[in-house]
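Comments concern the structure below.
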Amino acid sequence: MAAEAAESPQQNSAHIPKRGARACTSCRKGKNRCEGEAPCRRCQASNIPCIFEKPEKKNAQVMSGASIERLARLEGQYLVMQSQMIGMQSSLDRILSAVQPQNGGPSMPPPHPGMYMEVHRDAAGMPIQHRNGFDPAGGPADRGRSFPPLPGFAPPPHKYANYGIVPSTAASSDDESEDTLPRASLNAPIEALQGLANAAAEAAAAPSTEPPRVKKRKRAEPIPRNAFPHVVEKGLVTDSEARELFNIFFAGCHLFIPLFDPSYDTYESLMERSPWTFDAILAVAGKIRSGNGPLSPTFYKCLEEAQGIARSSLFGPVVRKEAVQGMLLLAAWSTNGWLPSGHAMRMALDLGLHRALEKLAEDNGKYRTEEEERNLVVSARIWLCLYWFDHQMSLGTGRPIVLRDENTIRHCRVLLSHPMASPTDVRLISLVELIAHKTQIYDFLAPLNGQVNNNALALIRRANEALDDWWTGCDELHRRTMDQDSLLRKVLAGELHYAKLWLVCVALRGVAWDKMPFEQRELAFQAKDSASNCLAIFLNSQEYRAALRYAVHDSLVTAAFSGLFLLKMANLFPTELDLGAIMVQVEQLAQLLSEVAAERYALTLRIMLANLRRKVGIRSGINTPVPTIPPPQFAENMIVSPTFHHDPNMPPPFTMEELGFAWPNDRGIFNSSAIPVWLQEQSLADLGLPVNGSDGIFLQMAGKNGWTGDFAPMPEAW
């Protein structure tokens, strides 16, 4: 009996389940002890499913706070280290490619100027020549073929790429705030709206007695470092020469593209913030320094670097507003700036620069730091300059205006009263307000296509009055800080006269002079007066003549088109105009344009002068001889042999003497078929602007790079 009693407690204890680390749903509801393993004995005995629920995460807020922030910091540091290692590897590759030929190794072709081009290597570690994706170990037929390298810079293969190769979803002080959708959500708007709706429904279904939590502003991700070095860092340009070019740019270029604040955009500041813009400034200054002489190697180096970085930005969002400045500079001093200015416009929209003026104007009591205020001012200035330039390019080349949102510029005068305003902001505001007037005029007159009725004549009168009011108000703004003979006030007056000339030329598009009624004839003579006044400002102002070397192509077109219009009027009304005075004005303008390396416009004027002399029987030759230099390089394809058989339906070719060049006629004559249609004899009766604007007025450049110089021909495959 004692033995049985001793065995009984042992048997009973064997049936008592041990306490586990967790309990199943059934045991937890009955508050019973559970073994913690599925299935437990109690569920087996009861023949019910043994279910273990996942434990709730505790301290979730704690884990998503400091720990995640620390993890993100470590990831950022890792990416920075990775980018530095890639940069060192690239530098070592360049050093090895330069050292190995000196050690008697096989001769290697010079590396492409792209800094981060992908390089494939063979087993010996030597780079393999790229062949546009073809296998270098091809057959014998392939080995004799060569393929040119793809142009441009490849983006660095890491997060901290230049100008946002990898998109960023963090909010920035310039673009996003706590009351706007994140940029990443804009890629999937339906999902973003559905998520907001679900969150609102859950919040409404579960009211809380706790006070509402204040949503903290998301911490902005730091802007990545610049992966592309500037030309000084790469050793392509010395620091002293770079400073010289930088000073040349800010001696006059910034007056024609009022994009910078000289007190903020200093040499050291721009060099650090934006190698792209820094290289573009040096390229523009290098072209200006060369004048009408041969371009220096420094210009080619700086332009190649700036355009290379620009090409790398085509397929990635941007993170720096200075990137828009760099692209706009490349567009402004190029003859084909339509495409790069369009890309700059979309970069600015992606950065949210179009909202800067509205944020700057609103007074909601929100405190902004000095850095945030500076960012808004710079962003507003960039947007206004880009808005003006893009619209001017559209109106000047006959292309449609892409962006038609006048609300983004309605607060433009806020910039003038801001403590961080630049001295050139007054010119920028004047340009923006003028382009707004011209856009409204164009929208009404362009569809008429020369059918000038009473309503159109009334609109032209009102438009002239509005232009006069614009000049009066803007000249008053200039007068506060400038005297009567200052350059910017002369430029403002020239823009008034050219706007009136442009107004009439849009209205008279397609109208023949012999069918012109009295009212339209009066308009033509009013436009002649505007063109003459515009040229007088160009030629009589010493400040303007000296500053013309810094001018962008838009300002050169203003002067050249005024001269061409006067020559057309002289062809149509030779007995009613002073031909001698007109020819003297145009001759002086052509000489001035030659001095500032604007031969595309100067040569067009000389051709029209030669045509007028032939028509009225005036002896060839000009009063202000051109220096003994050959014709411009871009016109070489327009010069043919004297024995060339020309089209009998075209006027006889022009000799070099007729065009004012000291060039032997036996070495070539100018082919009259290269003259634009708008300047040919059959179009002399048309005083209106051609449909394609300046592209149909001036001689076309042979090069496709947009810059005059010794460039390789660009392919036309796309």
Side-chain angles (χ1 to χ4, degrees), residues 256-259 327-345 384-404 427-428 430-447 449 463 467 470 491-492 494-510 527 530-531 534-535 538 548 551-565 568 589 593 598 600-602 604-605 676-679 686-701 706-707:
F256 292 92
I257 295 291
L259 193 59
M327 185 62 79
L328 184 54
L329 288 180
L330 294 178
W333 272 271
S334 170
T335 55
N336 57 354
W338 164 257
L339 290 177
S341 68
H343 182 52
M345 174 67 72
L384 289 175
C385 192
L386 182 59
Y387 183 95
W388 158 74
F389 184 82
D390 188 74
H391 280 63
Q392 184 65 29
M393 286 292 299
S394 300
L395 296 180
T397 58
R399 293 180 171 92
I401 298 175
V402 179
L403 183 68
R404 289 184 170 273
R427 167 163 169 75
L428 176 59
S430 303
L431 290 173
V432 171
E433 294 180 348
L434 175 61
I435 204 65
H437 284 295
K438 293 175 70 173
T439 302
Q440 295 178 2
I441 294 170
Y442 186 84
D443 289 342
F444 182 84
L445 293 179
N449 196 23
L467 291 174
W470 163 82
V491 173
L492 188 72
E495 287 166 346
L496 169 67
H497 296 303
Y498 181 74
K500 291 184 175 182
L501 167 63
W502 173 87
L503 166 64
V504 175
C505 289
V506 173
L508 298 182
R509 176 179 293 169
S530 299
C534 188
L535 281 193
F538 272 98
L548 205 59
V552 295
H553 286 281
D554 178 67
S555 300
L556 301 175
V557 167
T558 299
F561 181 78
S562 300
L564 291 176
F565 186 84
K568 269 206 167 187
L589 178 62
L593 293 175
R600 180 194 183 195
Y601 310 107
T604 307
L605 289 172
V677 176
W678 192 76
L679 301 178
D686 184 6
L687 295 177
L689 279 173
V691 177
N692 56 345
S694 60
D695 291 341
I697 297 174
F698 301 101
L699 297 173
Q700 296 301 310
M701 297 176 58
W707 298 69

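Numbering of residues begins at 1 and proceeds along the displayed sequence.
- Remark: I401 CD1 to D390 CG distance equals 8.5 Å, nearest 0.5 Å.
- Heavy-atom minimum distance, S530 versus K500: OG-CB, 3.6 Å.
- Classification of E495 and R427 as a salt-bridged pair holds, one side-chain N sitting under 4.0 Å from a carboxylate O.
- For Y498, there are no ring pair (Phe, Tyr, Trp, His ring centres under 6.0 Å) partners at least two apart in sequence or on another chain.
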The test is side-chain contact (heavy atoms from CB on, under 4.5 Å); show your working for C505 and F561 and say whether it passes. CA-CA 11 Å; C505 289; F561 181 78; 3.7 Å; yes

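- Looking at every heavy atom in both residues, W502 comes nearest to K438 through CH2-O, 3.3 Å.
- Residues S562 and A531 approach most closely at O-CB, 3.7 Å, considering heavy atoms.
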Criterion side-chain contact (heavy atoms from CB on, under 4.5 Å) on F444 and Q440, from CA distance to verdict: CA-CA 7 Å; F444 182 84; Q440 295 178 2; over 6 Å; no

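- Exactly one residue among L328, L259, L431, I435 makes a side-chain contact (heavy atoms from CB on, under 4.5 Å) with F389. That residue is L328.
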Before giving the answer on side-chain contact (heavy atoms from CB on, under 4.5 Å), spell out for D554 and W388 the whole-Å C-alpha distance, their side-chain angles and the decisive distance to 0.1 Å. CA-CA 12 Å; D554 178 67; W388 158 74; 4.2 Å; yes

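- Although no hydrogens or angles enter the test, the distance criterion places no donor-acceptor pair under 3.5 Å between the side chain of H391 and the main chain of V432.
- For the atom pair CD (Q392) and OG (S341), the distance works out to 11.0 Å, reported to the nearest 0.5 Å.
- Two residues are said to be in side-chain contact when any heavy atoms from C-beta on lie closer than 4.5 Å; T558 and F538 meet this criterion.
- One finds the OG atom of S555 at 7.5 Å from the CG atom of L548 (value rounded to the nearest 0.5 Å).
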side-chain contact (heavy atoms from CB on, under 4.5 Å), that's the test. Do L496 and W470 meet it? Break it down for me. CA-CA 9 Å; L496 169 67; W470 163 82; 4.1 Å; yes

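- L501 contributes atom CG, which lies 9.5 Å from atom CG of L535 (distance to the nearest 0.5 angstrom).
- Taken from CG in L467 to CG in L503, the straight-line distance is 6.5 Å, to the nearest 0.5 Å.
- In terms of heavy-atom proximity, G494 sits nearest to C534 at O-SG, 3.8 Å.
- The distance from atom CG of L330 to atom CG of L339, rounded to the nearest 0.5 Å, is 13.0 Å.
- The two residues A332 and V552 make their nearest non-hydrogen contact at O-CB, 3.7 Å.
- Pairing each heavy atom of L434 with each of A499, the nearest pair is CD1-CB, 4.2 Å.
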